[in-house]
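All ligand and atom numbering here is 1-based and tracks the order in the structure.
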Amino acid sequence: MLLRQNRGREVFLLKRDPAKFHIYTFGCQMNQADSDIMTTLLRNEGYLPASSEDDAGIILLNTCAVRENAVERIEHRLQHLKGLKRKDPGLLVGLSGCVPQYRREKLFDDFPVIDFLAGPDAYRSLPSLIAEAASGCRRVSSLEFDISETYVGVAPSRNDSLSAFVPVMRGCNNMCAFCVVPFTRGRERSHPFGSIINEVREISERGIREITLLGQNVNSYRDPETGMDFPQLLDAVSREVPELRIRFTTSHPKDMSRSLAETIASRTNICNHIHLPVQSGSTRMLGRMNRGHTIEEYRAKIDMIRAMIPGISFSTDIIAGFCGESEDDHRKTLELMRDIRFDSAFMFYYSVRPGTLAASTMQDDVSEEVKKRRLQEIIDIQSALSADLHHEAVGTVVEVLAETESRRSSGQLMGRTETNRVVVFDRGSSSPGDLLMVKITGSTSATLTGESLPNY
Ligand code: SF4
């Protein structure tokens, strides 16, 4: 450990350890799950997680290419790493995940700070890429798709939280016009049923209380051996670990089936919440986006599910200002939001992703000013809807899984309802990990407040 003087103060400089790594994760839950897999693969080869970037000899950015601003954040981080590397030329910098798959070796020219690249199917090569880079052979990459790669047998290194992600499939065979995922993650492939069951059993034994089954399009799950589909998998998982709460994401509306709704309805430990991205309320725009369904079909599926599972909540994704979107298309999106009353939404304005269908065949013809105005209208409606739905929950009694202490007070806990609403409540004698009944006494657009009912 080195010491130096800085404006009269002694400052400790941690020495970088070439055997320690630090991973920054950008993007979705799939990327978080992938970072946990990479951690295991590196640990298996003798590398250790660093306490922070300061003592890491290897810094890895696990990247997301879905939105332009995510890519900008990664570029910003690379600038920062350039400064670190100037002071410490032995530092190795790698990029994994979607951005290297998509921008490939050109990244080496754009960002000379990068030493190695690993695509989403190449994490098993990370130790050898690092070894090569460390031996002076900078600019090494592994970017081939491998349709057989599901990382079966690699137990993800999860942190000590009460919930865990369990990937069940990778890749996507859909070709939504705006989306880069089919080009960065390749074709769909599913994990074997047996390995998923073993994984959830092990998770339960570790005291984790909630799992989320993950995939780009979970409805496309097919057990490679038996052909078992996603509703059957979900049912089997819920029976294997009845003490765990179970969530899943993401569902594609065109593949959302009655049998999946029946499974959710029949199993009490599967949460009554579905994330069902709609993207636009206009059938014309859904056609341009190549989503494979109409808005009438989307509405009919929501109606069917609500009839089968009273009280179920829906969240969604919405894109404002996709190529060719008119004011009338936009109005239809606002109308859909008011009709469906989503609990929450991920809302963005469209940005061109090079390589996608839209980039090569459509004009990005909605001005930035109009995109921003439409997005703001979407956000305003969603905020009002969330506030209304939360207000309507006041006075009800809901089951909450306590997750952590509230940020504001150690006398309060924060948890989630099975419909995925955040609740802050006086803790009484309860602790994180407890499943308890809470009476809702107040609300904002983001949070519910309440009091626990220990003898309910
Ligand atoms: S379903 Fe569409 S939006 Fe989702 S990952 Fe596949 S291509 Fe992208």
Side-chain angles (χ1 to χ4, degrees), residues 26-34 62-71 97-99 101-102 119-121 145 147 149-150 165 167-191 212-222 229-230 247-257 260 274-283 285-295 297-298 301 314-323 325 333 336 342 345-362 364 378:
F26 297 81
C28 64
Q29 296 113 317
M30 281 299 284
N31 264 17
Q32 184 54 59
D34 278 3
N62 188 20
T63 62
C64 168
V66 169
R67 311 220 181 273
E68 193 174 25
N69 64 357
V71 177
C98 292
V99 170
Q101 194 65 49
Y102 162 64
D121 289 346
F145 282 130
I147 190 67
E149 183 58 274
T150 56
F165 297 127
V168 300
M169 54 89 65
R170 301 174 72 81
C172 183
N173 290 355
N174 295 311
M175 278 286 166
C176 299
F178 52 81
C179 185
V180 80
V181 166
F183 307 99
T184 60
R185 291 198 165 254
R187 310 283 295 169
E188 287 170 1
R189 71 289 313 242
S190 297
H191 293 217
T212 303
L213 305 183
L214 278 187
Q216 248 82 39
N217 181 11
V218 287
N219 309 90
S220 296
Y221 176 82
R222 284 284 178 283
D229 65 11
F230 185 66
R247 300 185 186 276
F248 58 92
T249 198
T250 296
S251 298
H252 194 300
K254 75 176 166 52
D255 302 322
M256 183 73 216
S257 63
L260 181 54
I274 301 178
H275 184 69
L276 202 60
V278 69
Q279 312 297 359
S280 169
S282 156
T283 292
M285 293 312 294
L286 293 176
R288 287 178 69 73
M289 291 174 171
N290 200 27
R291 292 288 286 168
H293 64 89
T294 65
I295 205 63
E297 287 163 341
Y298 185 91
K301 287 198 176 175
F314 290 95
S315 54
T316 198
D317 297 345
I318 297 177
I319 299 173
F322 183 67
C323 310
E325 187 187 71
T333 298
L336 178 89
F342 296 106
F346 294 103
M347 300 160 282
F348 302 92
Y349 67 76
Y350 173 67
S351 58
V352 183
R353 309 312 301 129
T356 57
L357 196 63
S360 54
T361 62
M362 296 178 201
D364 180 22
I378 288 168

Side-chain H-bond candidate by donor/acceptor type, N174 with K254, under 3.5 Å: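 Yes - a donor-acceptor pair under 3.5 Å links their side chains.
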Verify whether one side chain among H275 and T249 offers a donor that lies under 3.5 Å from an acceptor in the other.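 Short answer, no.
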Identify, by atom number and element, the atoms of ligand 1 in contact range of [X], meaning under 4.0 Å from any of its heavy atoms.
X	result
H252	1 (S)
Q216	5 (S)
V181	5 (S)

Nearest protein heavy atom with distance in Å, relative to atom 6 (Fe) of ligand 1: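 Of the protein heavy atoms, C172 SG, 2.2 Å lies nearest.
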Residue and atom name of the nearest protein heavy atom (relative to atom 2 (Fe) of ligand 1), distance in Å to one decimal: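 Of the protein heavy atoms, C176 SG, 2.3 Å lies nearest.
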Do you see an N/O/S atom of C179, backbone or side chain, under 2.8 Å from atom 8 (Fe) of ligand 1?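 Yes.
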Is the positively charged end of R67 above the ring of F348, judged by distance under 6.0 angstrom from the centroid and angle within 45° of the axis?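 Because its charged atom sits under 6.0 Å from the ring centre and within 45° of the axis, R67 does stack over F348.
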Using non-hydrogen atoms of the residue, decide whether R291 is closer than 4.0 angstrom to ligand 1.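 Heavy atoms of R291 do come under 4.0 Å of ligand 1.
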Region of P182 that comes within reach of ligand 1 [heavy atoms, distance under 4.0 Å]: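 The side chain, only.
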For ligand 1, the portion of N174 having any non-hydrogen atom under 4.0 Å away: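 For N174, backbone and side-chain atoms both sit under 4.0 Å from ligand 1.
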Is the ring centre of F342 less than 6.0 Å from the ring centre of F314?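 Ring centres of F314 and F342 not closer than 6.0 Å.
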When rounded to the nearest 0.5 angstrom, what distance separates CG in L336 from OG in S282?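 If I round to the nearest 0.5 Å, the distance is 10.5 Å.
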Can we say R189 and D121 salt-bridge, meaning some charged N sits less than 4.0 Å from an Asp/Glu carboxylate O?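 D121 and R189: salt-bridged.
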With the threshold set at 4.0 Å, does a side-chain nitrogen-carboxylate oxygen contact exist between D34 and R185?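 Salt bridge between D34 and R185, a charged N being under 4.0 Å from a carboxylate O: yes.
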